[in-house]
Amino acid sequence: MIAIRAFALVLLTVSAPGALLAQDAVPGAVQSWRDTTRSPDIRADALVRAMTHAEKLQLIHGFFPPRVNPAPTDMIPSAGYVPGIPRLGIPTLRESDASLGVANQVEQRKGDVATALPSGLATAATFDVAMARAGGAMIGAEARAKTFNVLLAGGVNLTRDAWNGRNFEYLGEDPLLAGYMAGAAIEGVQSNHIVSTVKHFILNSQETGRTVLNARIDEAALRESDLLAFELAIRTGKPGSVMCAYNRIEGDYACESHHMLTDVLRGDWRYAGWVMSDWGAVHSTVKAAVSGLDQESGQELDHAIYFAPDKIDAAIQAGQISEARLDEMVRRILTGVIASGLYDHPSPAVAQPIDYAAHAAVAQRVAEAGMVLLRNQGNLLPLARTAKKIVLIGGHADVGVLSGGGSSQVRSVGGAPVEIPLTSGAAASFARVTWHASSPLRAIRAKVPQAQITYVDGRDPAAAAAAARNADIAIVFATQWATEAQDLESLALPDQQDALIAAVAKASGRTVVVLETGGPVLMPWLEQVPAVLQAWYPGQRGGEAIAAILFGEVNPSGRLPISFPTSADQLPRPKPVVPAGLNSNAASDAGAGDGSALPSWDVTYQEGANVGYRWYAAQGTRPRFPFGFGLSYTRFGFGAARFTGGAAPAVTFTVRNQGRRAGAVVPQLYVTGPEGGAPRLAAWKRQWLKPGEAAQVTLAADAHALARWKAGKWSIAPGRYRLAVGQDSASATIAQEVEVASMVIRQ
């Protein structure tokens with residue numbers, strides 16, 4: 001449950017450098033930076049005072065290991081490497097991609113595997129911050145055991161467009177849900193005394209043209225949507241670092257935006273950690289440094305090494321960058337390192353054992369809690385164990401489950417039974433179409449060993465239909481692969497899978513469709529199929545999780561964190577925006593150079609703060625499946641509601657499990673202000689109930705759902721607000737208007 005607060009944002013505690021003891025600058029004096037009673041920034045400032053100029057320059061740029069030759073002996077093939085300063089105890093930073101697990105995309109480290117979580121959307125679909133925290137803690141533990149100490153995790157960009165190739169990594173379309181879930185995941189990662197980032201700051205909303213796109217949006221709308229998600233993730237998760245994005249924002253590259261990096265991040269939010277660039281996102285020395293970028297990451301992917309010692313020194317000599325700014329860059333890096341616990345608890349020098357079985361159980365729990373039952377006509381699900389003949393069709397369900405591609409790709413425990421290299425496209429150099437070795441066929445056979453269970457690959461719809469006709473149950477596994485660096489060409493299922501599903505459904509009235517996709521897909525066959533389960537990319541125990549849901553060992557409880565449109569025409573942008581003559585694949589590549597020769601083109605986000613379900617409400621249309629939607633194998637009833645207004649609007653009500661199965665319900669509170677407009681998610685709670693059990697639930701409206709950004713501050717206007725409680729964004733079970741008091745939310 002998310003409750004209202006008048007938040008005072010104090011992130012990674014900031015104190016005045018003048019409070020330092022004079023002894024810190026004296027050779028041989030007590031090393032006060034090791035005094036754990038001091039705040040991280042005070043300790044970091046003491047370290048800066050003890051560093052040489054050359055040592056400072058060493059920390060503000062990092063290497064991209066695959067392109068470093070010869071490589072230092074302690075460099076691990078991975079995303080990044082920043083050499084440490086042993087004499088001061090400053091650790092070498094070993095950076096790994098890690099949105100869904102410790103990544104090893106194209107097997108840079110031969111034989112190195114890790115636990116693969118389900119996709120970010122699956123985690124978001126749990127509507128459970130404890131689940132997000134557990135996933136982050138698991139990933140952080142594995143990273144530390146592998147000697148990594150900086151995880152490039154914490155993706156919190158809102159899913160503004162359903163076709164975004166990277167949606168599967170993110171946490172949905174609502175800023176409160178995404179922000180709090182990301183904050184919990186970051187907190188989990190950093191509980192292992194390593195650094196997590198939050199990314200990609202800001203408005204990396206599509207992959208097509210991501211290095212040249214110029215995002216345009218009203219300031220208030222941005223504050224109430226994407227920036228709010230980052231603000232909440234930073235406040236609750238306290239990441240050691242923020243990663244700036246590839247794209248431009250209102251004309252400036254995100255890694256050169258003084259307004260975003262200095263005015264908002266450091267000024268309004270008082271963030272004290274460091275800003276690192278995305279890999280290949282730096283385009284200048286002076287502008288980037290002065291605007292607020294602290295560290296150039298993966299420098300070999302940039303057109304030049306902009307933060308190289310000679311370039312920084314030349315800028316200092318020319319008076320373009322001050323020595324004080326260099327000190328600040330280093331102090332912020334060290335503040336993040338200290339605040340995360342990494343400085344006082346260095347990662348091990350050699351790899352440690354990992355309990356992969358326990359970690360796989362975490363991944364499976366997230367997958368089970370995040371799968372969303374979209375349709376269940378005639379209560380076809382859960383499947384009866386008395387079924388004699390079951391046929392599984394398509395999706396390589398005989399050997400595994402699909403995963404998303406790009407920097408988040410995990411080489412999971414058990415290997416990759418199917419791995420298809422790309423021959424073209426922006427992702428070809430670092431992505432493969434990969435399945436995790438978690439076979440739904442094997443898992444289902446374990447549930448019903450007495451049944452005859454067969455598999456048909458689905459390439460021939462007629463053969464699949466014939467197999468379905470001769471079975472008691474037909475389960476079609478439909479897949480849609482998505483990856484970083486390129487967007488989906490269509491929301492339709494690829495490779496004639498719609499025709500396959502239609503043929504199977506016509507042959508069998510007992511057809512189940514399991515969707516393994518990176519986001520919403522169109523469903524022209526929906527009315528002919530009695531049961532549909534959204535499994536997302538379900539991670540390395542996805543097959544077991546799917547089987548547990550289908551046979552009722554687990555009651556589905558996931559809720560959609562992203563709306564599913566009826567057609568692409570319902571979206572603000574029905575397809576990726578590409579200017580005439582621009583090669584979208586080339587424009588998506590990282591390492592685009594200094595930007596001087598690249599065309600800049602605008603994408604205007606006319607929907608403003610009305611992302612996702614807010615857009616549908618504002619347009620007066622209804623999606624195929626709304627945000628927050630999800631079915632269960634049991635029924636829940638709401639009653640005895642009591643609403644309160646004033647300075648703390650809330651609703652208290654009773655929810656009862658009216659069915660015969662235990663299950664989780666996720667009541668959601670939506671608020672509509674006195675000015676009208678689209679409702680906004682204000683609170684939610686995941687509540688587990690036994691059959692017949694009732695619980696009293698209180699949902700207190702989050703202040704940011706009530707407030708609007710006006711005149712440079714968050715303020716709540718007095719007036720009558722509509723509070724509505726339901727099980728999705730498009731329907732209300734109980735609702736009432738309350739009088740709300742005026743309030744300013746302190747930054």
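Numbers here simply count residues along the sequence, with the first being 1.
Looking at residues two or more places apart in sequence or on another chain, you find a side-chain contact (heavy atoms from CB on, under 4.5 Å) between T483 and A427, A431, W481, Q486. Annotation: salt bridge (charged side-chain N to carboxylate O under 4.0 Å, His left out) contacts of K56 (sequence neighbours excluded): D327. For Q619, the side chain to side chain donor-acceptor pair (under 3.5 Å) criterion is met by no residue, not counting sequence neighbours. Under the side-chain contact (heavy atoms from CB on, under 4.5 Å) criterion, N610 pairs with R614, A618, A678, not counting sequence neighbours. Scored by the side-chain contact (heavy atoms from CB on, under 4.5 Å) test, A79 finds D97, L152, W279 as partners (sequence neighbours excluded). By the side chain to side chain donor-acceptor pair (under 3.5 Å) test, D226 pairs with R160, sequence neighbours left out. Listed by chain and number, the residues in a side chain to side chain donor-acceptor pair (under 3.5 Å) with E328 are R325 (sequence neighbours excluded). The ring-ring contact (aromatic ring centres under 6.0 Å, His included) search around H193 returns H345, not counting sequence neighbours. The side chain to side chain donor-acceptor pair (under 3.5 Å) search around D128 returns none, not counting sequence neighbours.
A salt bridge between K287 and D252 is present, with a side-chain N of the basic residue lying under 4.0 Å from a carboxylate O of the acidic one. Between D268 and R223 a salt bridge is recorded (basic side-chain N to carboxylate O distance below 4.0 Å). One finds no salt bridge joining K238 and E187 here, because no Lys/Arg side-chain nitrogen approaches an Asp/Glu carboxylate oxygen to under 4.0 Å. A salt bridge between E484 and R210 is present, with a side-chain N of the basic residue lying under 4.0 Å from a carboxylate O of the acidic one. Contact check on E256 versus R248 returns no salt bridge, with no Lys/Arg side-chain nitrogen under 4.0 Å from an Asp/Glu carboxylate oxygen.
Side-chain contact between S408 and F168: present, with at least one pair of heavy atoms (C-beta onward) separated by less than 4.5 Å.
Residue pairs meeting the disulfide (SG to SG under 2.5 Å) criterion with at least one member in residues 245-289, sequence neighbours excluded, are C244-C255. Here disulfide (SG to SG under 2.5 Å) pairs that include residues 191-222, with residues two or more places apart or in two chains, number zero. Among residues at least two apart or in separate chains, there is no disulfide (SG to SG under 2.5 Å) pair with a member in residues 149-207.
Across all non-hydrogen atoms, the minimal contact from Y613 to L681 is OH-N, 2.7 Å.
Between atom CZ of residue F148 and atom CD1 of residue I194 there is a gap of 10.5 Å, rounded to the nearest 0.5 Å.
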